[in-house]
Amino acid sequence: MGRSGEAAPRRLRPYPEYRDAGIEWLGTIPSHWRTSRLRFVVETNSTKENVRHLDPHTEVSFVPMETVREYGGIDLSSVKPLADVIDGYTYFRDGDVILAAFLDRETAKIDELVERKERLIELLLEKRSALITRAVTRGLDLDVSMEDSGVEWLGDVPAHWDVKRVKWVARMESGHTPDKKVEDYWDGDVPWVSLNDTHHLRDHDFIADTAYYTNERGLENSSARLLPPRSVIFSRDATIGLCAITERAMAVSQHFIAWLCGNDISPEYLVRVFDAMQDELQRLTAGATLRTIGMSDVRTLSTPVPPVDEQRTIVQHIQQECLEVDQATAKIRHAIALLNESRTALISAAVTGKIDVRDATT
């Protein structure tokens with residue numbers, strides 16, 4: 001048994017002898033196998049016309065995949081009225097071959113493991129989100145007195161905190177795109193954050209490199225401007241609310257907003273507030289055909305503002321707690337990748353005869 005209590009995969013042996021199949025993708029096949037066009041040797045999914053004359057209330061065997069038993073045989077005890085299954089299901093007669101045997105069973109086991117691990121990742125991400133929200137909206141002192149923030153999504157906050165519009169503690173800058181048709185504006189030395197960088201923003205709190213670079217001429221001939229390091233960038237289109245802190249001077253596209261933090265709030269804390277604000281952002285964009293948050297809504301966004309030293313303590317706490325969750329999530333994702341590789345390899349080995357499945361299907 002593995003450490004997680006899961007049974008180790010069974011080792012399957014090869015066939016005794018192989019020969020060239022004469023088909024490039026097949027390679028070699030067991031020497032006693034022959035190859036043929038599938039349509040020459042079987043009829044698949046027989047017509048249902050032979051049963052349409054029957055009374056629609058006639059009870060017929062209903063055979064979902066799980067009723068094809070692991071070691072042969074079919075459970076025919078499940079019955080349904082013909083009218084319930086004549087459309088949308090395959091008709092078969094007595095003596096027909098129902099294909100469910102080896103690959104369906106083995107890949108189903110892998111798929112079940114993957115599904116369980118993906119659910120575990122969901123739970124870990126929910127835990128991470130709850131941890132961040134709790135820290136940035138309630139603080140770390142469980143005994144502190146609380147008061148109503150006046151902001152619905154925030155609820156009660158520590159009484160000694162302020163609650164302000166984000167635009168009052170950080171200067172907002174919008175972005176722009178230099179003309180893509182002018183080659184001289186591109187491939188320069190100015191990182192330019194666009195929707196092409198959203199994959200990075202999903203998993204990182206800082207950004208130093210971008211998919212596209214512009215240059216001084218691109219900035220001079222557009223509304224884009226060079227933003228200082230430690231600006232908080234925030235996506236307002238497509239996937240809304242992805243954010244990170246710039247590690248050097250950058251420009252952003254019109255799909256992003258940049259916040260230049262003042263003395264009352266740190267970039268690291270503001271990023272965590274935006275993380276906690278996801279449900280509110282979804283509410284503001286609900287029902288929109290094109291997912292975007294308008295500038296008028298952006299200007300209404302509010303943030304708790306603890307004392308700066310308390311912000312620093314909260315951020316350090318979140319980093320430590322999230323590190324453990326992120327490491328666990330990474331391990332599970334790696335395990336899922338290995339399972340998917342194993343699934344692909346198993347299918348390839350089985351259909352090309354690289355493993356002997358005769359004992360496993362009888």
Side-chain angles (χ1 to χ4, degrees), residues 1-16 18 21 23-30 33 38 44 63-75 78 89-90 97-132 196-205 238-239 242 275 278 319-362:
M1 300 291 286
R3 282 178 292 181
S4 62
E6 298 160 356
R10 188 170 32 172
R11 293 185 178 275
L12 297 171
R13 65 181 188 278
Y15 286 91
Y18 288 82
I23 300 174
E24 184 175 357
W25 73 270
L26 268 178
T28 59
I29 60 174
W33 286 18
L38 188 62
T44 59
V63 186
M65 191 183 77
E66 60 269 20
T67 62
V68 181
R69 293 170 180 157
E70 185 171 356
Y71 296 106
I74 304 172
D75 180 2
S78 177
Y89 294 93
T90 300
V97 174
I98 297 177
L99 179 62
F102 174 77
L103 282 179
D104 282 342
R105 183 179 71 243
E106 297 301 318
T107 56
K109 293 176 183 177
I110 296 175
D111 292 343
E112 182 181 359
L113 282 175
V114 169
E115 185 177 346
R116 280 159 42 191
K117 291 183 182 299
E118 287 176 340
R119 176 55 183 156
L120 184 55
I121 287 177
E122 290 177 7
L123 294 174
L124 284 169
L125 293 179
E126 289 174 7
K127 175 182 177 181
R128 187 183 195 276
S129 178
L131 182 154
I132 292 172
N196 295 282
D197 300 302
T198 54
H199 181 74
H200 175 88
L201 297 176
R202 290 181 195 277
D203 300 317
H204 298 83
D205 295 328
T239 304
L242 293 176
D275 286 342
Q278 292 304 308
Q319 288 174 339
Q320 180 179 348
E321 295 295 318
C322 284
L323 179 61
E324 297 178 7
V325 175
D326 293 343
Q327 288 175 338
T329 301
K331 288 180 180 179
I332 296 171
R333 283 180 172 150
H334 180 64
I336 289 174
L338 292 178
L339 283 169
N340 286 328
E341 289 176 8
S342 175
R343 187 184 194 277
T344 300
L346 176 66
I347 293 172
S348 176
V351 301
T352 59
K354 299 302 185 294
I355 53 175
D356 187 344
V357 301
R358 291 174 296 187
D359 291 341
T361 58
T362 58

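- When all heavy atoms of H204 and H200 are compared, the closest pair comes out as ND1-O, 2.9 Å.
- Judged purely by atom type and a 3.5 angstrom limit, S348 has no side-chain atom pairing as donor or acceptor with the backbone of T344.
- The line from CD1 of I132 to SG of C322 is 4.0 Å long, rounded to the nearest 0.5 Å.
- Minimum heavy-atom separation, R343 to I110: CA-CD1, 3.8 Å.
- Applying the side chain to side chain donor-acceptor pair (under 3.5 Å) test to T28 and every residue at least two apart in sequence or in another chain returns nothing.
- Residues passing the side chain to side chain donor-acceptor pair (under 3.5 Å) test with N340: none are found, sequence neighbours excluded.
- Here D326 contributes atom CG and R128 contributes atom CZ; the two are 4.5 Å apart, rounded to the nearest 0.5 Å.
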Margin query: Could you walk me through whether K117 and V114 satisfy the side-chain contact (heavy atoms from CB on, under 4.5 Å) test, starting with their C-alpha distance in whole Å, then the side-chain angles of each, then the deciding distance to 0.1 Å, before giving a yes or no?
Written below: CA-CA 5 Å; K117 291 183 182 299; V114 169; 5.8 Å; no
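- The CG atom of L242 lies 7.0 Å from the CD atom of Q278; values are rounded to the nearest 0.5 Å.
- Across E106 and L346, no two heavy atoms sit closer than the pair CB-CD2, 3.5 Å.
- Atom OG1 of residue T107 and atom CG of residue L339 lie 12.5 Å apart, to the nearest 0.5 angstrom.
- Every residue meeting the salt bridge (Lys or Arg N to Asp or Glu O under 4.0 Å) condition with E126, not counting sequence neighbours, appears here in chain and number order: R119.
- The shortest heavy-atom contact between T239 and R202 is OG1-NH2, 3.4 Å.
- Contact between L124 and V325 at its shortest, heavy atoms only, is O-CG1, 3.5 Å.
- In this structure, the separation between CD1 on I336 and CG on L120 is 8.5 Å, given to the nearest 0.5 Å.
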